[in-house]
Structure formats: C-alpha cells, structure tokens
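Residue numbers start from 1 in every chain, and the chains themselves are labelled A, B, ... in the order their sequence lines are given, proteins ahead of strands.
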2 protein chains.
Amino acid sequence: MIRHSHNISEEHSKLESYLQSNGLKLSFGRELVFQAAIGSHGHFTAEELVKLLKKQPQRVSRATVYRSLKELLEAGVIRETAFGDKHHHFEHVYDEDPHHHAQCIRCHSFIEFPDLKEDTVYRPILEKEGFKILGHEMHFYGICRKCRDRNS
Amino acid sequence: MIRHSHNISEEHSKLESYLQSNGLKLSFGRELVFQAAIGSHGHFTAEELVKLLKKQPQRVSRATVYRSLKELLEAGVIRETAFGDKHHHFEHVYDEDPHHHAQCIRCHSFIEFPDLKEDTVYRPILEKEGFKILGHEMHFYGICRKCRDRNS
DNA sequence: TTATAGATGATACACTGTCTCATTATGATC
DNA sequence: GATCATAATGAGACAGTGTATCATCTATAA
Ligand SMILES: [Mn+2]
Ligand SMILES: [Mn+2]
Ligand SMILES: [Zn+2]
Ligand SMILES: [Zn+2]
C-alpha cells in the first residue's frame, strides 16, 4: 500500500495532547508502549506487545501495556481492527493508508483493501480475492454522549 | 426501525439448507438455540443464551450453545455485531432493517443507525446523537478463499 | 522537604471460548 | 427390528484474556 508522509512526531503529539487534556504524564512506560506500537508492522495484539516488551532491558508490566493501549486508542494513535476471536487486535494509524478489513468467520483471518469511499466499489476487489461476502457493516468508533458528559 | 416482512420459516430454511449441505442434522438442541436466537430482542451474547436455555425444561449444554451459534452465524441467521470487549455479541437478521453500529471505545455501548448506503450520510446522524466519531471502518464478513478451498 | 497525585508491578480474579471424551441419539441399510 | 456408522451431546477441564486491587514507587509543585 502507498504510504502517507505522516511523521512519527505527529503521532507522538497526538499522545501528548491526549495525556495533557486528561491530566496524565508522559511516563517512560507509556513511551515504550508507544514506540512498540508505532514500530510494529501490520497488526498486533496486546499480548504480543507484552511479550515483546518483556524481552527489552526496560521491563513493562502487563497491566501497564493494557492501560497504555487504551490510551493510545483514545488518542487516535492506534485503532482496533479485528473481531470475532477473543483477542483485541490493533494497528497503528501512522504510515498506513486508510483501509478496511474483510474477515473470515471461520479462521478469523482477514484481507485488507483500500478505502475507496464507496460501498459497491469494494465488492469486486474482495471477490477477486476469492472472498465470499456474507455481509458487511460500517463500524464507527468514538466516544458516546454519556462518556463525554461523564468526563467533563 | 421499520420491519421487514421476512418470515421466520424463511430463516429456518437458511439453517436447514446449511445443515444439509454440511452433513449435519437438525437436532433438538439446535432447534432450541435457533428459537432462542430468533426470539431475542436486540443483541445477545452467547452466555446470555446459555443462561436462558438453562431455565427451560429441556436443557442445552454450554458447548452446544456455542457450537450452534457458530452454525447460525455461518448460515446467515445471525450476525456478529459488537467488538471491543471479550464477549461475542450477536443479533438475528430476521425482522431487522439493515443497520450499522457506532460503538463507544470507553464503555462499549453502541448506537444503531440505518443503512443509508453512503458514508457521508451517516456522520450527521451520529453527531446529532452526541457521538464523537474518532473513525470508522467497513467491516465485511464472509468466507476466505483458503477456507472455501479447504471445504471442497 | 513535604505533600499530592499519578504510575507501576505483582498478583489474584472472573469469565470466555475451546477442547476432550465418554455416552447417547439418529437414521440409513439390511 | 437389528446392526452399524456417524453425528450430537453434556460435563468438566482447560488456557488465556482482560480487569481489579493495592502496596509501593515516582514525579512535580509548593
Ligand atoms: Mn490493517
Ligand atoms: Mn443491531
Ligand atoms: Zn478462513
Ligand atoms: Zn461510552
């Protein structure tokens, strides 16, 4: 896929402003999780990051990884991508063209395809890949009214 | 939401033909899970069905519920709807207008909105609901090439 | 320095979804 | 209806995820 010209520091700023507006600090643990997430290729799970960060000289606990991932998610640095199995899957937004996922309900594998803005345009792409479409839905993510109110 | 004129027996036929083409039988347990799923209002989790079916005179085991739900999913009687937490959420397709879900990344609640076929049309609807959109993706589900080949 | 608030890690915990396997049901064939 | 092959079932064990707790550590401001 074609890459964006986004800068990593731009992503880092997302995190910083998120932390600031929530009274949180840019700690060393958070920084490591950020680096691991942003440095990943393709998709990753929380547990994968846990294992990865266990190998580093600077240890980060499982609790911190889970906590930090939630923050990165809300900050918009990463997004959740896979469903259907019991893992949370993520990918970073940086250096990725907007794309969608088509997921197999049997093996939970998925294929990626570029965001073409129009529903009907996607079908031929997927069918050419041998993917039998059973259905689709548009999945928006964000903050609901209740949570927004609760926060202020 | 406006209802379709779909018939329940039409949904039952979906299941029957799925079972037949997979060499499976329409057992009593499957029938009960089907009834419970089709009779549900809104969304439901696997565990909710398990509890529900425990109260009935005819018992159905947890294993059977999970197994049957996968079949109903593949048969197209139900679809998976919610993500982000560790539960599988389902809803039946019967008597439901095509719609999408917008999910809060904090509390995992979601709102539903009708399928209007066009991306940009959705945003004003969600924003009117107080939902702050952080992003979206089109989620297709189906059977991947590998799984289709493996099956034949 | 002291006080305050946030950050962390270890660990316990609840619960989901999967798997195994012995047993039972089903239904086709003779 | 007896026999046989195959599918279905239930009970329980199981691994693994994501959450919660809480005592301890750290950073920052006063
Ligand atoms: Mn992707
Ligand atoms: Mn719905
Ligand atoms: Zn597959
Ligand atoms: Zn919310």
Output a table of nitrogen or oxygen pairs between the protein and nucleotides 8-13 of chain D separated by less than 3.5 Å.
unit_1	atom_1	unit_2	atom_2	d
dA8(D)	OP1	Lys25(B)	N	3.0
dA8(D)	OP1	Arg30(B)	NH1	2.4
dA8(D)	OP1	Arg30(B)	NH2	2.9
dA8(D)	OP2	Arg30(B)	NH2	3.4
dA8(D)	O3'	Ser27(B)	OG	3.2
dT9(D)	OP1	Ser27(B)	OG	2.6
dT9(D)	OP1	Gly29(B)	N	3.2
dG10(D)	OP1	Arg59(B)	O	3.1
dG10(D)	OP2	Ser61(B)	N	2.9
dG10(D)	OP2	Ser61(B)	OG	3.0
dG10(D)	OP2	Thr64(B)	OG1	2.9
dG10(D)	N7	Arg67(B)	NH2	3.2

[X] [atom1] to [Y] [atom2] distance, which is reported to the nearest 0.5 Å:
{"X": "His88(A)", "Y": "Leu69(A)", "atom1": "NE2", "atom2": "CG", "result": "10.5 Å"}
{"X": "His43(A)", "Y": "His101(A)", "atom1": "NE2", "atom2": "NE2", "result": "3.5 Å"}
{"X": "Phe140(A)", "Y": "Phe131(B)", "atom1": "CZ", "atom2": "CZ", "result": "9.0 Å"}
{"X": "Leu116(B)", "Y": "Tyr122(B)", "atom1": "CG", "atom2": "OH", "result": "5.0 Å"}
{"X": "Phe34(A)", "Y": "Glu16(A)", "atom1": "CZ", "atom2": "CD", "result": "8.5 Å"}
{"X": "Ile8(B)", "Y": "Asp95(B)", "atom1": "CD1", "atom2": "CG", "result": "8.0 Å"}

For dT18(C), does either OP1 or OP2 sit under 4.0 Å from a side-chain N or O belonging to Lys70(B)?
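So the side-chain polar atoms of Lys70(B) do come within 4.0 Å of the phosphate oxygens OP1 or OP2 of dT18(C), strictly under.
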What is the distance from [atom1] of [X] to [atom2] of [N], rounded to the nearest Å?
{"X": "Tyr66(A)", "N": "dG16(D)", "atom1": "OH", "atom2": "P", "answer": "12 Å"}
{"X": "Gln20(B)", "N": "dT26(C)", "atom1": "CD", "atom2": "P", "answer": "18 Å"}
{"X": "His88(B)", "N": "dG18(D)", "atom1": "NE2", "atom2": "P", "answer": "11 Å"}
{"X": "Tyr18(B)", "N": "dA7(D)", "atom1": "OH", "atom2": "C1'", "answer": "14 Å"}
{"X": "Glu31(A)", "N": "dA27(D)", "atom1": "CD", "atom2": "P", "answer": "14 Å"}

Using a cut-off of strictly less than 4.0 Å between a heavy atom of the residue and any atom of DNA chain C, enumerate the qualifying residues of residues 45-56 of chain A by number.
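DNA chain C contact set from residues 45-56 of chain A: none.
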Carboxylate-amine/guanidinium contact Lys14(B) Glu11(B), below 4.0 Å
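Yes, charged N to carboxylate O under 4.0 Å.
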With a 4.5 Å heavy-atom cut-off, do Glu91(A) and Ile78(A) have their side chains touching?
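The answer is no, as the side chains (C-beta and beyond) never meet within the 4.5 Å cut-off.
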